[in-house]
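Right, one structure below, let's go through it.
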Amino acid sequence: MSNILFQQRIKKLEELKKEGVALYPNTFRVDTTIFQFRKMFGEVDAQTLEQEKGPYSFAGRIMAVRNFGKAAFFHLQDRTGKLQAFIQKESTNNFFLLFKGLDIGDFVGIKGKPFRTKTNELTLLVEEICLLSKSLQPLPEKWHGLTDVETRYRQRYLDLIMNPAIRRVFEMRSATIQALRNFFLARDFFEVETPMMHPIAGGATARPFKTHHHALGIDLYLRVAPELYLKRLVIGGMERVFEINRSFRNEGISTQHNPEFTMLEFYQAYATYKDLMDLTEEMLSEVVKSLFGSLRIPYQGETLDFNPPWKRMSLRESLFSVGGFDSEFLRDPLKMRNFLETHSVTITDQENIGKLHTDLFEAIIEPQLIQPTFVINYPVEVSPLSRRRDDNPSEVERFELFIAGREIANAFSELNDPNDQKERFLKQLEEREKDADIPPEIDEDYIRALEYGMPPTAGEGIGIDRLVMLLTDSPSIRDVILFPLLRPELKG
RNA sequence: GAGCCGCUAGCUCAGCUGGUAGAGCAUCGGAUUUUUAAUCCGGUGGUCACAGGUUCGAAUCCUGUGCGGCUCACCA
């Protein structure tokens, strides 16, 4: 590190050391947060404050300094906010010793009492100050802060120091997950953790990450979904289970996709996909209400309205009512192909009617579904784990929830017929592109589990990252993941 | 994987049709005991992402590479 600012700080560090200052002590005790301090004295007038002796002790990072030679103002930032402190020669015994050697970015402990400045700002009069940890790297500029997105993602700690708003995003993320967990616990669901490393990649068709276990001498796959394990638990008698955890998909990266992402999956025996629609409305409106106190929230210039009931339409209906296609068109593979090609959708030769309909849906309908909308009754070809409809076996009992033009949830009545399941697995295997990295295997144990009998069950997956994007008005999934995956930096 | 855009001081940014790099903040030295992006005076700081090419001369034009952003593809 050749930069001069770094060298200057190393020099200061050595000078402090020479003076006998402990550079990284851990003996300072904090008794007050900045939030608590404001709560206690935020409304108290200057005269009354004079009676207040303290001392109160705080710790945090120095974020700005305004120096007057024999006195100075500075901002201290802790996890709860920023506070102005005033330090002066006459009332701080180690003023000269320390203050000369301090830099913006250093952690300090301060003790003192509250007062109000001429401009009536609540301020701490510092009676004692000590260095807690030296910052050798200079922080970004105080006014513009850190805006370079690459640096914000690579050095998220800097982003968190400089941009308080990003901290609020992750507080919202935590609160969302907490609210979801409480929702399920209150309804007698059982929280579990199932394997991340699978001998056979199943539960979705995305390409998996591959790894190797040396002692066992076998290849393993990071899970693309927890689905098949959670349903084994239902078979085992866990009639209501949920898991909130990571899945991994070895696919492209975009504003909607990170290779590792967080999913909520839950299964409820003796329920149907229709029950889950009701449950989902209840769940998300409860979460939104608890976070915002309202069911209408802003997202990227739109207002999302979570007031139930939400619109429900079949995939076919949506092609008519939202897409404006007619039934003749929807029966004609050639016309649909031509149409899709003019909308630059790439299609393979062996696509059937069902796949063409979902292509049309994804290209034309999905982006238009801004308000929460359930789309139901998908073709069986694109739903290998879903139960067929009794009145139309070419379709399945399934819904996807769309909000702001994006898929947020996917749910279905589960296929619990082991013979049908095995046939669909085999069909899937036939259609899958050959990939040397993924052996053509089906999960025989899952079939065996089904043969013991799975109760009629409905299950759902919700993309937590995408949900948090909506709740925090974030345009990119990287804004709601603390450390999104990036290519490694070049060294030197 | 493809297309478009970007990369200049620690940070935020200027830098025109090519003439040899600038501002603000930060930092260093000085002044300053009520500031709020404090103020005033004086300094330090650059392999212009990297590598080639064109040219008397390249931050600037061309080619390639790296990293990032957006869009598309992939992700039933």
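Chain letters run A, B, ... following the sequence lines, proteins first, then strands; residues in each count from 1. Since the model is a prediction, treat every value here as computed from it, not as a measurement.
Look at B:C13: its Watson-Crick or wobble partner, with both distances under 3.5 angstrom, is B:G22.
The side chain of A:Thr255 approaches B:U71 more closely than any other nucleotide in the set B:U71, B:U35, B:A76. With B:G68, B:C75, B:A38 as the choices, the nucleotide that has an atom nearest any side-chain atom of A:Arg154 turns out to be B:G68.
Take A:Arg152 and apply the salt bridge (charged side-chain N to carboxylate O under 4.0 Å, His left out) test, not counting sequence neighbours, and it matches A:Asp159. Residues forming a side chain to side chain donor-acceptor pair (under 3.5 Å) with A:Gln300 (at least two apart in sequence, or on another chain): A:Asp473. Remark: A:Tyr267 pairs with no residue by the ring-ring contact (aromatic ring centres under 6.0 Å, His included) rule, at least two apart or across chains. The ring-ring contact (aromatic ring centres under 6.0 Å, His included) check on A:Tyr153 picks up nothing, with sequence neighbours excluded. Take A:Ser383 and apply the side chain to side chain donor-acceptor pair (under 3.5 Å) test, not counting sequence neighbours, and it matches A:Arg398. Taking A:Phe58 as the reference, A:Phe37 meet the ring-ring contact (aromatic ring centres under 6.0 Å, His included) condition, with sequence neighbours excluded. Residues passing the side chain to side chain donor-acceptor pair (under 3.5 Å) test with A:Arg154, sequence neighbours excluded: A:Glu150. Every residue two or more places apart in sequence or in another chain was checked for a salt bridge (charged side-chain N to carboxylate O under 4.0 Å, His left out) with A:Arg38, and none qualifies.
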Please report, to 0.1 Å, the donor-acceptor pairs under 3.5 Å made by any side chain of residues 458-467 of chain A, with sequence neighbours excluded.
{"from": "A:Glu460", "atom 1": "OE1", "to": "A:Thr280", "atom 2": "OG1", "distance (Å)": "2.8"}
{"from": "A:Glu460", "atom 1": "OE2", "to": "A:Thr280", "atom 2": "OG1", "distance (Å)": "3.0"}
{"from": "A:Asp465", "atom 1": "OD1", "to": "A:Arg173", "atom 2": "NH1", "distance (Å)": "2.9"}
{"from": "A:Asp465", "atom 1": "OD1", "to": "A:Arg173", "atom 2": "NH2", "distance (Å)": "3.1"}
{"from": "A:Asp465", "atom 1": "OD2", "to": "A:Thr262", "atom 2": "N", "distance (Å)": "2.7"}
{"from": "A:Arg466", "atom 1": "NE", "to": "A:Gln256", "atom 2": "O", "distance (Å)": "3.3"}
{"from": "A:Arg466", "atom 1": "NH1", "to": "A:Glu407", "atom 2": "O", "distance (Å)": "3.1"}
{"from": "A:Arg466", "atom 1": "NH2", "to": "A:Gln256", "atom 2": "O", "distance (Å)": "3.2"}
{"from": "A:Arg466", "atom 1": "NH2", "to": "A:His257", "atom 2": "NE2", "distance (Å)": "3.4"}

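Side chain of A:Arg249 to main chain of A:Val224: a donor-acceptor pair is present (N/O by atom type, distance under 3.5 Å, no hydrogens or angles).
The shortest distance between the side-chain N/O atoms of A:Arg249 and the OP1/OP2 oxygens of B:C75 is not below 4.0 Å.
Contacts between residues 380-391 of chain A and RNA chain B, defined by a heavy-atom separation below 4.0 Å, involve A:Val382, A:Ser383, A:Pro384, listed by number.
If you take NE2 of A:His357 and P of B:A76, they are 20 Å apart, rounded to a whole angstrom.
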With 3.5 Å as the limit, what N/O pairs link the protein to nucleotides 7-11 of chain B?
{"from": "B:C11", "atom 1": "O2'", "to": "A:Glu141", "atom 2": "N", "distance (Å)": "3.4"}
{"from": "B:C11", "atom 1": "O2'", "to": "A:Gly145", "atom 2": "O", "distance (Å)": "2.8"}
{"from": "B:C11", "atom 1": "O2", "to": "A:Glu141", "atom 2": "OE1", "distance (Å)": "3.3"}

Could you pull out the protein-nucleic contacts involving nucleotides 29-32 of chain B (nitrogen or oxygen on both sides, under 3.5 Å)?
{"from": "B:U32", "atom 1": "N3", "to": "A:Asn67", "atom 2": "O", "distance (Å)": "3.4"}
{"from": "B:U32", "atom 1": "O4", "to": "A:Gly69", "atom 2": "N", "distance (Å)": "3.2"}

